[in-house]
Amino acid sequence: MRPEDVPGLPEGVPEQLQSEGIEELYPPQAEAVEAGVTEGESVLASIPTASGKTFVAELAMLSSVQRGGKALYIVPLRALASEKKAEFERWEAFGIDVGVSTGNYDSDGEWLASRDIIVATSEKVDSLIRNNAPWVSDLTCVVSDEVHLVNDAHRGPTLEVTLGKLRKINPGLQVVALSATVGNADEVAEWLDATLVESDWRPIDLKMGVHYGNAISFDDGTQREVPVGKGDRKTAALVADTLEEDGSSLVFVNSRRNAEAAAKRLKDVTARALTEGEKSELAELAQEIRDVSDTETSDTLANCVAKGAAFHHAGLAAEHRSLVEDAFRDRLVKAVSATPTLAAGVNTPSRRVIVRDWRRYDGEFGGMKPLDVLEVHQMMGRAGRPGLDPYGEAVLLAKDSETRDELFERYIWADAEPVRSKLAAEPALRTHLLATVASGFAHTREGVLDFLGQTLYATQTDEPGRLERVTDAVVQYLDVNGFVDVEDGQITATPVGHTVSRLYLDPMSAAEILDGLEWAADNRDENLRKLDGVASATSEPQQTGEFQRASEMVSNDEGTYESETTYPTALGLFHLVSRTPDMYQLYLKSGDRETFTEECYEREPELLGKVPSEYEDVRFEEWLSALKTARLLEDWAGEVDEDRITERYGVGPGDIRGKVETAQWLLGAAERLAGELDLSSVVAVREAKKRVEYGVRDELLDLAGVRGVGRKRARRLFEAGIETRSDLREADKSVVLAALRGRRKTAENVLEAAGRRDPSMDDVDEADADVPAATFERASGRQSHGGDGGDDGDDPQEQASLGDFG
DNA sequence: CCTAGGATCAAATAACGCTAGGCGT
DNA sequence: TTATTTGATCCTAGG
């Protein structure tokens, strides 16, 4: 089938496709067209990755818009949203507007009403429905990318419920679902009332095999000799082998540490294959990586990249990740070792994929658990770049012949597991049931069950009555906690219940937060007394005028308290939100248990709630890991350097950012809840939220609110005597310029953002801006001495690293 | 005969990912 | 539960 044979497309689109080099549709694509995707028919395309799924979706959306409709593309990851948007934007020439909506962007989504194609994550879509986004009822086509994710215990139910709601709102809605090959695609298709298009076809051949001894055995019966010298590592040998044919390798491992260790070893292999030109480009890239963040992780990554290897995991800052991804795609970086982040994320194909670790530690499982077939298939599917490689190779590693045979059985010959709905789990139902009631999809127990009866879960369950039981338990939970009222069989959301639903909080998080804030109100006086007692007993450390000192103070384990005690304290609030189920737990590492037990008793008056007994093992452990998270946030909001934090808590720069973002969100929600219930803590909550947002101590809140001023610049301005936004408008320009390290352009931008009438720096003499030469040198030691407070790196980055969320 | 460096072994250590609100100067 | 790292001990080659 050729593009011009596809019915229903807007005029000019087939020509555009041809000019992109698309002469002929791939067989599965043609099959989807024959099934009517461009004529409003629902289709489930269950085909391998990189075989043109997105294209099927594009055809469907274009034709739907052509008929006067509006399309929604649901992505599984935020990172994919912008990638898809960029892809769809080439249709703007045909009068089609594209909009993206993910967590960070707009909230009400009103402006999306005018867009023809909207890209959003499933959570965002869910949230938009909860907030009654008006345009949702205008949708005529919805695309669900990676629908097999309904199988995911954590995020699957959201997708499942969201698709259900969309179909309920728009009865005739066309559903185009894209899925990896799974065991029960027919079942999923039936649930969606869609025609199934299933195929193993790939645009480029994929050879799967296992390396054992001195050779890889492939599934097509061929072998390839890859000798492993003694002392050598298998992975290194395989990477070197690919390199000989000028191909790049992607290595999947099961932990961050392993990813870093593997990259360190691989760099010696890749270094040998670099040209002079590549070396200098890589050196540049390494510098860019160093500039992203001043941490050990960043440094190690830069060292590897300089030699042509890299690692990739969620502990990296987002900028790190995309730098690595881009460089790998451009074939500058020859080998990447990665945790599964890379298997599901943005497209990073590679000539050879090596799945080194196929088991991963799982506490609940009680040992090393083999990965799902689907997951391994996703990894292997990254092999082979269409149009560039003759074929792709995916290799598993075995150290004995028994393992080799097992790997063939388990992963190469095996079909992926069937997709199974995880909706009937209590945590999932808790939030979705409340939302269903709050946004008016159901008002009675029967109504709720009726709605749930149309989900995939209902078509799959072999355990009748389970859904009813869990539903009843959850309704009762919501009732007891005051989120719904149950009367005469009618279930209605209370005002708080409505707010919780709209805030997108897990009701259990909301309950925890409300309990904590109410507890604080009841125990305020007693705890304030304790706090003041402690503060005077520890005796305020001498002058706190000097910044270095002040920052030491907070990070010090001795514990220091602000004298003008606000209550609840920031730490108390950080701990409160850290112990909700919406905040991911930080691991307690060896030694942490003691450290934080001690800390817990020391800081007890600040914590909002009763400390669980040490004998309640699980609860106490959770309490402590929440405290660890809270201390991390407190350090961040106390201007402790990024590298100190990563070192102290054993996390990567990306983790800090993740925690900070979540805390910001939850504190925002807490602020709303406190306001709604008229609790006195609103002000304290707002301040704590602002402090994590900017990563500053309270005296800098005003300054850090100015655009272009992050935690570091704010501190330097403050040191220079400019303490507020209005000081910025009045101050001597040369002082501002000096505080900003003599960067004229930055200074002008800052002044303008602060609302100064004459931001120009043209009339300021360089000599006036007495820039200490030493500050341009990178501080080598961790503790920088000297009075200039020169604790950070160079100008553009100091803002870019983490201070710059806005 | 001593030392540096490598090899070997036992003990210690740590083990994936990530979505979400809404204010505004 | 397991793979990797770390640290201690032992061995060997070379001075």
Side-chain angles (χ1 to χ4, degrees), chain A residues 74-81 101-109 120-128 130-131 149 152-159 162 230-231 233 252-262 264-265 312-315 318 338-345 356-357 359-363 365-372 375 379 399 431 435 499-506 509 580-584 587-592 650 654-655 657-659 661-673 675 686 689-690 693 702 705-707 725 753-755 806:
Chain A
I74 303 178
V75 286
L77 256 49
R78 277 210 290 221
L80 290 173
S101 179
T102 58
N104 282 343
Y105 300 112
D106 77 290
S107 43
D108 65 350
T121 58
S122 41
E123 284 76 11
K124 186 65 192 188
V125 177
D126 186 17
S127 160
L128 287 164
R130 295 181 187 199
N131 289 289
L149 283 174
D152 183 279
H154 195 208
R155 297 183 56 206
T158 306
L159 179 57
T162 301
K230 58 173 183 295
R233 300 270 189 164
F252 284 106
V253 298
N254 64 4
S255 75
R256 294 178 179 186
R257 222 161 60 111
N258 283 342
E260 298 191 15
K264 277 192 216 164
R265 283 193 299 266
H312 189 283
H313 59 64
T339 59
T341 6
L342 216 55
R356 197 194 72 176
D357 302 336
R359 283 179 298 193
R360 178 165 53 222
Y361 180 78
D362 181 334
F365 182 78
M368 299 300 281
K369 189 181 179 186
L371 300 184
D372 282 350
E375 204 174 345
M379 295 176 187
K399 56 178 185 295
T431 144
T499 306
V500 171
S501 167
R502 277 198 304 267
L503 289 174
Y504 213 78
L505 280 181
D506 181 335
S509 298
T580 65
D582 278 313
M583 176 75 89
Y584 256 99
Y587 284 108
L588 286 186
K589 310 208 170 177
S590 63
D592 280 356
D655 298 305
R657 195 195 158 127
K659 291 280 175 273
E661 209 172 72
T662 310
Q664 222 176 293
W665 163 50
L666 289 172
L667 286 167
E671 184 189 340
R672 275 286 295 273
L673 287 171
R686 182 179 310 135
K689 186 189 87 172
K690 286 276 172 210
E693 183 179 349
D702 191 33
V706 177
R707 208 155 55 85
R725 186 181 288 266

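In what follows, chains carry the letters A, B, and so on, assigned in the order in which the sequence lines appear, proteins first and then strands, with residues in each chain numbered from 1. We use all heavy atoms of the structure for the numbers below, so side chains are in, but hydrogens, waters and symmetry mates are not.
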Student: Keeping A:Ser509 on the side-chain end and A:Leu505 on the backbone end, is there a donor-acceptor pair under 3.5 Å?
Tutor: no

Student: Under 4.0 angstrom, heavy atoms only, what part of the nucleic acid is A:Gly366 near: base, sugar-phosphate, or nothing?
Tutor: sugar-phosphate

Student: Would you compute the distance between atom CZ of A:Phe252 and atom CG of A:Asp357 and round it to the nearest 0.5 angstrom?
Tutor: 11.5 Å

Student: Got a minute to check which stems DNA chain B is part of, using Watson-Crick or G-U wobble pairs under 3.5 Å, three or more consecutive?
Tutor: B:1-15 with C:1-15

Student: Evaluate A:Leu80 against A:Leu77 for side chain to side chain contact (heavy atoms under 4.5 Å, CB included), listing each step before the verdict.
Tutor: CA-CA 5 Å; A:Leu80 290 173; A:Leu77 256 49; 4.0 Å; yes

Student: With centres under 5.5 Å and planes under 30° as the test, does A:Trp665 stack with B:dA20?
Tutor: yes

Student: Taking only residues two or more places apart in sequence, or in another chain, which ones meet A:Arg155 in a side-chain hydrogen bond (donor to acceptor under 3.5 Å, both in side chains)?
Tutor: A:Glu123

Student: Mind checking if A:Lys689 touches a base, just sugar-phosphate, or nothing, with heavy atoms under 4.0 Å?
Tutor: base

Student: Rounded to whole angstrom units, what separation is found between the CD atom of A:Gln664 and the C1' atom of B:dG24?
Tutor: 13 Å

Student: Under the rule for side-chain hydrogen bond (donor to acceptor under 3.5 Å, both in side chains), what residues qualify as partners of A:Thr499, not counting sequence neighbours?
Tutor: A:Glu676

Student: Under the side chain to side chain contact (heavy atoms under 4.5 Å, CB included) rule, what do A:Glu375 and A:Arg360 come out as? Steps first, then yes or no, please.
Tutor: CA-CA 12 Å; A:Glu375 204 174 345; A:Arg360 178 165 53 222; 3.2 Å; yes

Student: How long is the straight-line distance from NZ of A:Lys690 back to CD of A:Gln664, given to the nearest 0.5 Å?
Tutor: 8.5 Å

Student: Between P on B:dC18 and NE2 on A:His313, what's the gap in Å once rounded to a whole number?
Tutor: 12 Å

Student: N/O contacts under 3.5 Å, protein versus nucleotides 10-15 of chain B?
Tutor:
from: B:dA14; atom 1: OP2; to: A:Ser590; atom 2: OG; distance (Å): 3.3

Student: Given atom NZ of A:Lys690 and atom P of B:dG22, what is their separation to the nearest angstrom?
Tutor: 15 Å

Student: Taking CD from A:Glu661 and P from B:dC18, how many angstroms apart are they, rounded to a whole number?
Tutor: 12 Å

Student: With a cut-off of less than 4.0 Å, is there a side-chain N or O of A:Ser122 near OP1 or OP2 of B:dT19?
Tutor: no

Student: At under 4.0 Å between heavy atoms, what does A:Ala261 touch on the DNA or RNA strands: base, sugar-phosphate, or nothing?
Tutor: sugar-phosphate

Student: Are any of the side-chain nitrogens in A:Lys264 or A:Glu260 under 4.0 Å away from the carboxylate oxygens of its partner?
Tutor: no

Student: For B:dG17, does OP1 or OP2 lie under 4.0 Å from any side-chain N or O of A:Thr339?
Tutor: yes

Student: Which residues pass the side-chain hydrogen bond (donor to acceptor under 3.5 Å, both in side chains) test with A:Asn258, not counting sequence neighbours?
Tutor: A:Asn254, A:Ser255

Student: For A:Asp152, which contact category applies under a 4.0 Å heavy-atom criterion: base, sugar-phosphate, or nothing?
Tutor: base

Student: Between B:dC16 and C:dT4, how far is it from one P atom to the other, in whole Å?
Tutor: 14 Å

Student: Indicate, with a heavy-atom threshold strictly under 4.0 Å, whether A:Arg686 touches base, sugar-phosphate, or nothing.
Tutor: nothing

Student: Just checking A:Arg672: base, sugar-phosphate only, or nothing, at a heavy-atom cut-off of under 4.0 Å?
Tutor: sugar-phosphate

Student: Here's a test of your reading of the structure: between A:Asp582 and A:Pro340, which maps to the more 5' nucleotide of DNA chain B?
Tutor: A:Pro340

Student: Once you round it to whole Å, what is the distance between C1' of B:dA20 and CZ of A:Arg155?
Tutor: 10 Å

Student: Whole-Å distance between B:dA20 C1' and A:Lys124 NZ?
Tutor: 8 Å

Student: Need one value for A:Leu77: base, sugar-phosphate or nothing, where a base atom within 4.0 Å counts as base even if backbone is also close, heavy atoms only.
Tutor: sugar-phosphate

Student: Using a 4.0 Å heavy-atom cut-off, does A:Asp126 contact any base of the nucleic acid, only the sugar-phosphate backbone, or nothing at all?
Tutor: nothing

Student: Give the intermediate values and the outcome of side chain to side chain donor-acceptor pair (under 3.5 Å) for residues A:Asp582 and A:Tyr504.
Tutor: CA-CA 10 Å; A:Asp582 278 313; A:Tyr504 213 78; over 6 Å; no

Student: Is A:Arg725 touching bases, backbone alone, or none of the nucleic acid, heavy atoms closer than 4.0 Å?
Tutor: sugar-phosphate

Student: Using a 4.0 Å cut-off to any heavy atom of chain A, which nucleotides of DNA chain C are the first and last in contact, reading 5' to 3'?
Tutor: C:dT1 to C:dT5

Student: Tell me: OH of A:Tyr584 to C1' of B:dA20, nearest whole Å?
Tutor: 12 Å

Student: Given salt bridge (Lys or Arg N to Asp or Glu O under 4.0 Å), test A:Asp655 with A:Lys659 step by step and report yes or no.
Tutor: CA-CA 6 Å; A:Asp655 298 305; A:Lys659 291 280 175 273; over 6 Å; no

Student: Given the C1' atoms of C:dT1 and B:dA20, what is the spacing between them in whole Å?
Tutor: 35 Å

